[in-house]
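Predicted model only: the values in this text are computed from it and were never measured.
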Amino acid sequence: MRFNGSNSYIATDDLKLAVNAAVTLARPLLIKGEPGTGKTKLAEEVASALGMPLLEWHIKSTTKAQQGLYEYDAVSRLRDSQLGDPKVQDISNYIVRGTLWQAFTADKPVVLLIDEIDKADIEFPNDLLRELDRMEFYVYETKELVRAKHRPLVFITSNNEKELPDAFLRRCFFHYIRFPDKETMEKIVAVHFPDIKKTLLREALESFFEVREVPGLKKKPSTSELLDWLKLLLAEDISPDTLRSTDRRAIIPPMHGALLKNEQDVHLFERLVFMARQPR
Amino acid sequence: MLTGFFLKLKEHKIPVSIKEYLTLIEGMQKHVISPSIDDFYLFSRLALVKDEANFDKFDLAFGEYFKGIENLLGHNFDVPLEWLRRQAELNLSEEERAQIEALGGWDKLMEALKKKLEEQKGRHQGGNRMIGTAGTSPFGAYGYNPEGVRIGQKESRNRKAVKVWDAREYRNLDGATELGIRNIKVALRRLRRFARVGSPDELDLDGTIDRTARNAGWLDLQMRPERHNAAKVLLFLDIGGSMDDHVRMAEELFSAAKSEFKHLEYFYFHNCLYDWVWKDNRRRHTERIRTWDILHKYGHDYKLVFVGDATMSPYEILQPGGSIEYSNDEAGAVWIRRMLDVYRRAVWLNPEPEDMWQYRQSITIMRELMGGRMFPTTIEGLEKAMRTLTK
């Protein structure tokens with residue numbers, strides 16, 4: 001089993017190495033990087049490239065580790081008991097399986113994505129240590145031990161909003177997705193828009209990296225924003241000439257709303273472009 | 001060999017543990033990577049470094065360590081040969097290994113290689129880049145083993161790899177460098193204190209079950225308020241004068257803080273805190289707020305953050321009438337102490353570089369007043385400050 005990128009996802013060499021090392025050594029792979037560089041997408045692509053089903057667990061600030069294992073639906077049981085339902089005798093009727101349980105008991109190895117782990121409470125990763133290490137957990141209500149039939153391939157993404165505990169980090173591999181350079185970016189775009197005109201792409205990339213260079217932007221546009229923007233450019237059939245902003249009569253790139261998502265950034269950008277247009 | 005590398009990382013204050021080191025070795029054993037130093041660099045970083053803030057330190061340590069090896073090559077062959085041997089051993093099939101044994105074993109092979117290298121050195125005056133000069137060595141042509149002794153290729157990869165870590169592309173992720181708006185937000189998030197206050201609009205399941213059980217099995221619904229970030233912050237920003245150099249930093253810090261806290265009150269002051277502060281810098285002389293009012297209005301559970309360079313004449317802090325804005329009756333130091341008496345959790349963020357502090361008398365005074373709680377506005381400094389605030 002080796003991951004070599006896919007038709008719709010360009011993986012750099014270091015990313016491939018990271019994924020393959022995680023596969024071989026059965027370690028969870030922790031992915032960080034600028035927003036919009038394809039952290040979540042990676043798990044999907046690895047799953048489809050290796051032909052494994054993908055189970056996703058999206059973390060919110062209220063998510064508890066227990067919810068990934070199982071939940072005891074006490075309210076249903078309470079209601080059933082008040083209605084005299086015979087189901088109420090068997091507690092396992094009210095155990096709702098979580099994503100980890102599903103991943104552990106799947107018939108073939110799966111890819112498990114734990115998305116945005118940093119959103120949860122600080123204790124969250126610590127509560128999953130044993131589960132991710134030994135790939136087993138205990139259900140107290142029914143006194144059964146759930147053990148993984150196959151070790152799932154675990155991907156964890158983080159946006160760095162909280163520091164993850166050391167004990168957790170020690171068990172993971174860590175990869176930081178860097179913002180792609182121009183070359184990689186061209187490949188990425190080629191994968192998404194195979195018919196795009198060479199000149200348009202070149203001009204678009206040039207203005208994209210220029211926008212990224214603007215000092216003081218609150219949110220720099222990322223890969224996913226570039227792809228959205230290109231989609232718009234193609235849909236509107238913008239000619240490459242309009243994008244050329246190097247001359248004195250520079251104009252704001254069309255549809256810049258797709259690249260800049262912050263009102264202040266748009267203002268800043270417009271001001272800068274306006275200043276550049278002033279005859280010196 | 002690798003133990004030395006491991007210790008080198010420790011020396012560079014990269015938090016690596018034995019468990020991670022064992023993982024690295026396990027990976028080497030399982031042939032996760034091809035025997036190139038380039039791949040080794042990537043894999044060791046993957047297995048050992050768990051924070052991009054440490055990537056730069058790792059690059060430095062890696063470069064230093066393997067440069068050390070290069071230098072050693074000139075004087076002493078043992079170390080690099082050990083390295084080669086390890087690499088080669090990992091890549092030999094059983095047959096090949098048997099073949100080598102038949103030729104007299106590893107030691108002999110290495111002995112021969114050593115000789116070759118020495119000869120080569122004599123001819124080319126190759127300096128300390130022995131393996132590089134050995135690139136044309138006929139030794140590779142012997143074909144004993146396809147990977148281990150193909151030195152020429154290894155070196156070329158090596159060189160490419162050295163560039164990777166020598167480029168130090170992760171430098172700006174290092175914790176000691178300047179702030180960006182996102183970094184600030186991330187650091188401020190450490191202040192989060194979730195608490196349940198406000199109107200009860202969420203079902204408290206545990207409470208409901210508990211109360212229902214006490215209620216002889218009849219449902220007794222319990223509600224509770226939702227969790228919110230309850231951190232309360234008073235932010236005092238120094239503006240004007242010497243702070244002009246840091247206006248962008250202050251702006252970023254301010255906009256990050258504003259979106260991060262529900263209970264954030266901000267005020268401006270000039271150089272040091274006195275009787276008055278203001279909220280709108282353009283109307284600083286007309287719409288002023290008495291510092292006493294702030295002390296009375298905001299409870300002591302607010303956390304106090306000063307942002308300023310504390311660069312002024314010491315008189316502005318220590319003497320009544322020292323303010324450059326107007327004649328103040330009480331010295332700035334009195335006001336600072338007064339604030340600290342009410343707000344126990346307080347820090348001072350100083351955008352001036354930390355190594356400059358000791359040369360400015362006013363910074364030293366202010367730092368003493370703050371009980372040492374002055375931090376630079378770097379990611380690291382901000383994190384330390386936030387940790388101090390939550391203690």
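Heavy atoms from other residues, nucleotides or ligands lying under 6.0 Å from NZ of A:Lys16 number more than 12.
Both the backbone and the side chain of B:Leu46 come within less than 4.5 Å of a heavy atom in chain A. Within the 4.5 angstrom heavy-atom criterion, no atom of B:Leu48 approaches chain A. Residue contact with chain B, scored on non-hydrogen atoms closer than 4.5 Å, is absent for A:Leu164. In this structure, chain B has a heavy atom under 4.5 Å from the side chain of A:Arg27, while its backbone stays farther away. If you measure heavy-atom distances from A:Leu78 to chain B, the contacts under 4.5 Å come from the side chain alone. For chain A, the nearby part of B:Thr212 is the side chain; its heavy atoms alone come within less than 4.5 Å. With a 4.5 angstrom heavy-atom cutoff, B:Val16 does not touch chain A via any of its atoms.
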A:Glu141 and A:Tyr70: side-chain hydrogen bond (donor to acceptor under 3.5 Å, both in side chains), yes or no, with the steps?
-> CA-CA 10 Å; A:Glu141 280 79 359; A:Tyr70 66 92; 2.8 Å; yes

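Listed options B:Val49, B:Thr23, B:Leu205 were ranked by heavy-atom pairs under 4.5 angstrom with chain A; first place goes to B:Thr23. Of the listed residues A:Leu30, A:Thr24, A:Asp166, the one with more heavy-atom pairs under 4.5 angstrom with chain B than any other is A:Thr24.
A:Phe173 does not carry B:Arg45 over the face of its six-membered ring by the limits of under 6.0 Å from the centre and within 45° of the normal.
A salt bridge does not link B:Glu11 to B:Lys57: none of the charged nitrogens lies less than 4.0 Å from a carboxylate oxygen. Salt-bridge check for A:Glu71 with A:Arg97: failed, with every basic side-chain N at 4.0 Å or more from each acidic carboxylate O.
The only member of A:Asp115, A:Thr40, A:Asp118 that meets side chain to side chain donor-acceptor pair (under 3.5 Å) when paired with A:Thr157 is A:Asp115.
Ring orientation note: the planes of B:Phe40 and B:Phe5 are tilted relative to one another, at an angle of 30° to 60°.
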